[in-house]
Each structure stands twice: as C-alpha cells, then as structure tokens.
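Ligands are counted one by one from 1 in listed order, and the atoms in each one are counted from 1 as well. Please read all numbers here as calculations on a predicted model, not as lab measurements.
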Amino acid sequence: MKKVQFRVGLGYDVHRFSRDRDLVVGGVKIPYEFGLLGHSDADCLLHAICDALLGAAGLGDIGRHFPDTDPAYKGISSLILLEKVVKLLHDEGWDIANIDSTIIAQSPRLAPYIDAMKKNISSVLGVDIGAVNIKATTTEGLGFEGKGEGIAAKAVALIFSN
Ligand SMILES: [Zn+2]
C-alpha cells in the first residue's frame with residue numbers, strides 16, 4: 001500500500017496602503033479609506049496562502065508563477081491566482097488538508113469579514129470551511145502594521161499526496 005505523504009508550507013506577504021485603491025482581503029471588499037497597492041488586487045491574505053501552498057508542494061513562490069511584470073495579472077482578483085495555485089497542486093498529485101492564517105493590521109477591524117473570507121477561500125480550495133482558519137491581530141501600535149502603513153499576512157498549509 002502506498003504511504004500517504006504530508007508536506008507543510010509557510011507564506012508571508014505585505015502590501016502598503018494607498019489611496020484610490022479598493023481594500024480586498026481574503027477576496028472580500030472592505031470599506032476603508034485606503035486600499036492596498038500592488039500589481040494584482042494586492043490581497044495579502046490570499047498571497048500568503050498561495051505561497052504556503054506552493055511552498056508545501058515545493059513549487060517556489062507566487063512571484064515565479066505570476067510575475068508582476070506580466071500585464072495578464074494587472075488588477076486581477078487574487079481568488080483567480082489562488083484557483084490557479086490549487087490546479088498546480090492537483091496536477092502534481094497533492095490535496096489540501098488545512099490552512100491556518102493570521103492577518104496583521106492595526107485598522108480597519110477585520111473580524112466582521114472573516115466568515116466571508118473563509119467561505120471564499122474554502123470554496124476555491126475545495127475544502128470544508130472548517131479547514132480554513134483566519135485570525136486577525138494588531139501589533140499594539142508597533143511596527144509598520146501598527147503605524148497603519150500597510151497590512152501583513154502569514155499562512156501555513158498542510159497538504160497530502162492523493
Ligand atoms: Zn502580495
């Protein structure tokens with residue numbers, strides 16, 4: 001009998017705040033005076049999750065697969081990037097067990113949007129909603145997140161061979 005293989009991966013992403021941009025985190029548009037600056041929709045949580053999944057599968061990182069010099073990805077929803085990452089993993093014979101993640105932002109308050117983020121992410125990953133955990137924290141005013149210069153996100157993913 002073939003032995004099931006497990007792999008873990010880690011993802012980390014940061015985007016700076018900018019005026020005249022929508023704030024999109026976890027595929028949810030959040031009303032706020034700033035958005036995040038980036039080539040795509042700059043969804044730092046989804047980028048961290050993409051990197052965790054790619055890392056677990058030994059497939060490099062998001063910049064390698066979706067370079068920010070490629071006009072095809074300009075303004076693209078990161079839910080589409082996540083969908084492409086999931087396809088890459090499936091093609092390599094990997095299934096996703098679970099995701100845990102933390103969004104680091106002083107403001108806005110993200111708690112009211114976490115259920116909608118979990119719904120978006122679990123449906124793209126094709127896993128139960130309980131397999132996607134999202135936490136939000138501040139840094140008590142310390143560092144770039146605390147000063148309100150941007151948002152960071154960290155994620156870990158566990159995958160297994162199918
Ligand atoms: Zn990013």
What donor-acceptor contacts under 3.5 angstrom involve side-chain atoms of residues 56-64, with partners at least two apart or in another chain?
unit_1	atom_1	unit_2	atom_2	d
Asp61	OD1	Gly63	N	3.2
Asp61	OD1	Arg64	N	3.0

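- Residues Leu125 and Leu53 meet the side-chain proximity criterion, which asks for heavy atoms closer than 4.5 Å.
- In summary, Asp115 and Lys119 do not engage in a salt bridge, as defined by a charged side-chain N under 4.0 Å from a carboxylate O.
- Nearest heavy atom pair, residue Ala131 against residue Ala97, reads CB-O, 3.5 Å.
- Ile76 and Leu88 fall within the same hydrophobic cluster, where Ile, Leu, Val, Met, Phe, Trp and Tyr residues are linked whenever their side-chain heavy atoms come under 4.5 Å apart, directly or through other members.
- Here the protein contributes Asp13 OD2, His15 NE2, His47 ND1 as N, O or S atoms under 2.8 Å from the Zn ion (ligand 1).
- Judged purely by atom type and a 3.5 angstrom limit, Gln106 uses its side chain to pair as donor or acceptor with the backbone of Gly141.
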